[in-house]
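Okay, structure first, notes after.
In what follows, every chain begins at residue 1, and chains take the letters A, B, ... in the order their sequences are listed. Just so it is clear, the model here is predicted, and its values are computed rather than measured.
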Amino acid sequence: MSKSAPVDKNSHVVLVDGSGYIFRAYHALPPLTRKTDGAPVGAVAGFSNMLFKLLQGQNNDARPTHFAVIFDAGSITFRNDIYDQYKANRPDLPEDLIPQFPWVRDATRAFGSPSIEMEGFEADDLIATYARQAEAKGARVTIISSDKDLMQLVSEKISMLDTMKNKDIGIEQVKEKFGVSPEQVIDVQALAGDSVDNVPGVPGIGVKTAALLLEQYQTLENLLDHAEEIPQKGRREKLMANKEMALISKQLVTLKTDVDVEEALEDFAVSDPDVEELFDFLERMTFRTLTARVRAQMGEGATQGLRKDDDGEPAPVERTAPENITFDKEKYVCVQDVETLKRWVKRGFETGVVAVDLETNSLDSAEAKMVGVCLAVEDNEACYIPLAHLGEDGGGADMFGGDAPKQIPMQEALDILEPLLHAPGVLKVGQNFKYDLGVFQRYDLYPAPYDDTMLISYALGTGLHNHGMDALAEMHFGHKAIAFKEIAGTGKAQKTFDQISLDVATPYAAEDADVTLRLWKFLKPKLAAEQVVTVYETMDRGLPAVVAKMENEGVKVDRAELSRLSGMFAQKMAGLEDEAYEIAGTKFNLGSPKQIGEILFDEMGLEGGKKTKTGAWKTGVDILEKLADDGEALPRIILDWRGFSKLKSTYSDALVKQINDHTGRVHTSFSIAATTTGRLSSSDPNLQNIPIRTEEGRKIRNAFVAETGHVLVAADYSQIELRLLAHVADLTTMKQAFADGVDIHALTASEMFNVPLDEMTPETRRNAKAINFGIIYGISAFGLAKNIGISRTEAGEYIKKYFEKFPGIKAYMEDTKERAREDGYVKTIFGRKCHISGIKDSNQMMRAFAERQAINAPIQGAAADIMRRAMLRMPEVISKVDGARLLLQVHDELVFEVPEKSADDLIAAVKPAMENAAMPAVNISVPLEVEAHAAKNWNDAH
DNA sequence: GTCATCACG
DNA sequence: GACGTACGTGATGACC
């Protein structure tokens, strides 16, 4: 199948570590199953996608000229003759991975690539042999793998590529990892050993120490010869006692570069795959998306395009749209007269389900004007109703007046649509419907009932993918919708939708509605199948209308006060700059971490510098704080400057720019389906991170004010996450403390350190508080130690003590991790599923990270669920208080604006509604408490 | 576009 | 005694 071509300096040889890839794909990718029989095919899918991309040359700057996938054959190799324990502690293969091995080889052949393996050799040895052969002929080599054992091969000509992280591994990256150049990697590995492969190494010597020793002695052999000269007693003795082990280890980690291979390198020249075989394979695996991609790439009947041309130059990537018979854009209709519109409305009443999508002239929903409306009632049966398109751009003052296309007058069209939008018997379906509802609200339309496909997808589970239309259409239908960029252009010259001609606008706009309706048909039934109907109905479904209203309300900020603050911050910064230049003896940019690092550590030569992974000096708060404590003046100045700079650029300057011209208020955008835990997020501007912790920062909060005659009411849940932890982990002592209204951090301190409550020092309480938070975050000794500035050992003891004093916590953590491993997700007490990826990762660090996420998600998620439930009830709750409006949500806090005289009424209504928001779904075994205060500005309302 | 930093819960 | 970590977000300026 593959053909032969000479390998020379113009060649690019790509060698894929097939076996390594399978394991990583298996752990990193969702457990996809085959549609025909439910067989596990996740790793095969990941592998096939990667092959396709690599052969196209998407991951590399140059396409391969020679390409092969190399596998391990069997598990016994010549290394077991050297050391019988080699790879002896490998865990058994996961059951659902085993059947995928032969299919991965099938995939390789289907894509027209050689599949190489040899009894008695690991894939790594074959790769090493071929790579060195190609290098000798002057070719460039890319090894597709992230296996550190292959890093010894890296050279000027040979590099590695980690396709999962899209990360190139060259000489520099190897030096970072091992602290030595590639030639010395085997010596480092021989000393440090490897627990994964069960390479013994020298006990007590790790990579860091090994690199240090080799810096001095160059080679392992030289080091061992001079072992008795090493000054440190421990190292000397270990080295002398383990010479033999070190040498055996070196043999184990050294890859063979002279395997008597059966296939010649030249025979790896890429050639066209057998199209029939390829599609046959893709169909067998039921890979819809990839099939569409391959088809799009190849064009109908064509086999070119996947591979290089004969002249060796990369062929241009063909941009053929996937021919997808299910989407027929020809059938979309542009509605320009009243009679046709009435017929579409009638169709909507007949089908009872209508996808609705608005086109506007701006992404900013507080600003956007309606430009057109789309409806879809059946597959391929969709229309676009233009309402405010401008004429062709032709220059002249009158350019938008004269030649606008024929359109139904806006108000007339909306009057015809209104009965449909408000009909209780017609379900309106949107995708990210919050946006459309926000615009509709400003035209006094309130579509209901409605479904939101983005939220349905979110309720089905978070953490696997985002829930935007492009992702959903691609994932479920293998369909790539027209991108807005394609019709409007990019950058400064980008058109707004009202400037786009109707023949272009119609297919784009109608397609979105068509896709939305199909997504609804596909996803809605899954809610029941996945047992998340209650999640969707009671925590998600109604949010778009509530949040759209909040965004439209906006919040008032005091422009003059913010400007005054900007001036004040600028003055303080200027003063600090002068002081800093004085000390440093030179001018520099205080905003540049790079320059700060160089001045502090290179020029001034201060101790305690650490480097980031990119090799720059670390200059974070913790580092500078430490230097300042040691009596250095400059770090303190930099920290103060940074504080003012942050306040000025991110808040006082930025907020003024965000004041809407028409409303005079600031309108944020809340994302309802963005986070993995169920929280909302806020952006443009982010109003969920307005300063509060420092005195200077709180001045920003002073500038968030109520209208004349009104006040802001801030209502926040007190320690909701800790209360939920006490509930879900069934922590008896803690639950009792909450019931009794005891200071929970003081209680913790008293339990942990045996101090009576009335003798508690603030210091002790603060430490206990940090531990409480740590538990919620999936505590680690290192993290706790860093946070409260104690040793890791001490932190470890605290944690142990905590587990003793609060039995239940340990069980909760273990159970949660177990659930994540078993199911791939964890659930909140309200049933929201949060997928945790990486929980089975072979990398210990990734796994630990996933475990902490698993522990945290049900707690943070339950708090988010409760807040969602509370928000959904707010329209009803505040309707009894005249003029009360919900403005903001900050995770455990709601901010309202209300006429001054009604503030007490509002608090009386809101507080119990929030406190009982978990009911009736879950009866929390600790009381939830809400604190609410009213004031003229947000700062004083706390 | 990515990184480092820092604001919030 | 080697790894390198507290959970969830978004905005900024510097730098490539």
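- In this structure, the nucleotide among C:dT12, B:dG9, C:dT5 sitting nearest to the side chain of A:Ser780 is C:dT5.
- Heavy-atom nearest nucleotides on DNA chain C were determined for A:Pro593 and for A:Lys786, and the one closer to the 5' end corresponds to A:Lys786.
- Among C:dC7, C:dA6, B:dC6, the nucleotide with an atom closest to any side-chain atom of A:Asn787 is C:dA6.
- Using a 4.0 Å cut-off, no side-chain N or O of A:Thr650 falls inside it from OP1 or OP2 of B:dT5.
- Around atom CE of A:Met752, more than 12 heavy atoms belonging to other residues, nucleotides or ligands sit under 6.0 Å away.
- No side-chain heavy atom of A:Val207 sits under 4.5 Å from any side-chain heavy atom of A:Gln189.
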- Under the rule of Watson-Crick or G-U wobble with both distances under 3.5 Å, where | means paired to another strand and [ ] a crossing pair, DNA chain C maps to ......|||||||||.

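- Atoms CG (A:Asp622) and P (C:dG4) sit 17 Å apart, rounded to a whole Å.
- A close approach under 4.0 Å does occur between a side-chain nitrogen or oxygen of A:Gln853 and OP1 or OP2 of C:dG8.
- Within a 6.0 Å radius of CZ in A:Phe803, other residues, nucleotides and ligands contribute more than 12 heavy atoms.
- The distance from atom CG of A:Asn772 to atom P of C:dC7 is 17 Å, rounded to the nearest whole Å.
- As judged by a 4.0 angstrom heavy-atom cut-off over every strand, A:Ala211 is placed among residues making no nucleic acid contact.
- A:Leu687 approaches A:Trp938 most closely through the heavy-atom pair O-CH2, 3.7 Å.
- Residue A:Gly778 is out of contact with every strand shown, counting any heavy-atom pair closer than 4.0 Å.
- A salt bridge links A:Asp540 with A:Arg832: the distance from a Lys NZ or Arg NE/NH1/NH2 to an Asp or Glu carboxylate oxygen falls below 4.0 Å.
- A donor-acceptor pair is defined here as one N or O able to donate and one able to accept, closer than 3.5 Å; no such pair exists between the side chain of A:Gln232 and the backbone of A:Gly234.
- Nucleic acid contact class of A:Ala654 (heavy atoms, under 4.0 Å, all strands): sugar-phosphate only.
- For the OP1/OP2 pair of C:dT12 and a distance below 4.0 Å, the side-chain nitrogens and oxygens of A:Ser645 include no atom meeting the criterion.
- Atom CH2 of A:Trp641 and atom P of B:dA4 are 18 Å apart (whole Å).
- Of all nucleotides listed (B:dC6, C:dC7, C:dT5), B:dC6 comes nearest to the side chain of A:Lys646.
- Counting only heavy atoms from C-beta on, A:Arg701 has its side chain closest to B:dC8 among B:dC8, C:dT9, C:dA2.
- At distances below 3.5 Å, at least one donor-acceptor pair connects side-chain atoms of A:Gln688 with backbone N or O atoms of A:Ser682.
- Between the CD1 atom of A:Ile779 and the C1' atom of C:dC7 there is a distance of 12 Å, given to the nearest Å.
- The residue among A:Arg235 and A:His891 whose nearest nucleotide of DNA chain C is located toward the 5' end is A:Arg235.
- Side-chain atoms of A:Arg868 come within 3.5 Å of backbone atoms of A:Ile672 as a donor-acceptor pair (strictly under, hydrogens ignored).
- As rounded to the nearest Å, C:dA2 and B:dA7 have P atoms that lie 33 Å from one another.
- As a whole-Å value, the separation of A:Tyr651 OH from C:dG13 P is 13 Å.
- Side-chain N or O atoms of A:Asn242 include one that pairs as donor or acceptor with a backbone N or O of A:Lys238 at under 3.5 Å.
- Remark: P of C:dG8 and CZ of A:Arg832 are 16 Å apart, rounded to the nearest angstrom.
- Residue A:Thr619 places its side chain closer to B:dT5 than to any other of B:dA7, B:dT5, B:dG9.
- Contact between the side-chain N/O atoms of A:Arg852 and the OP1/OP2 oxygens of C:dC7 is found at a separation under 4.0 Å.
- A:Ser683 places no side-chain N or O within 3.5 Å of a backbone atom of A:Asn686 that could act as its donor or acceptor partner.
- Between the NE2 atom of A:His942 and the P atom of B:dG9 there is a distance of 7 Å, rounded to whole Å.
- Within 6.0 Å of CD in A:Gln494 there are more than 12 heavy atoms belonging to other residues, nucleotides or ligands.
- A cation-pi contact, defined as under 6.0 Å to the ring centre and within 45° of the axis, links A:Lys833 to A:Tyr825.
- Comparing C:dG4, C:dA6, C:dG8 by their nearest atom to the side chain of A:Gln844 picks out C:dG4.
- For A:Lys594 and C:dC15, a side-chain-to-base donor-acceptor distance below 3.5 Å is absent, hydrogens and geometry of angles not being considered.
- Counting any heavy atom pair closer than 4.0 Å across all strands shown, A:Phe849 reaches sugar-phosphate atoms only and no base atom.
- Look at CE on A:Met867: it is 18 Å from P on B:dC8, rounded to the nearest Å.
- Rounded to whole Å, the P atom of C:dA6 lies 14 Å from the corresponding atom of B:dC6.
- Taking the side chain of A:Ser592 as heavy atoms from C-beta on, and the options C:dA6, C:dC15, B:dC6, the nearest nucleotide is C:dC15.
- Non-hydrogen atoms lying under 4.0 Å from DNA chain B are contributed by A:Arg679, A:Gln688, A:Asn689, A:Ile690, A:Pro691, A:Ile692, A:Arg693, all within residues 679-697 of chain A.
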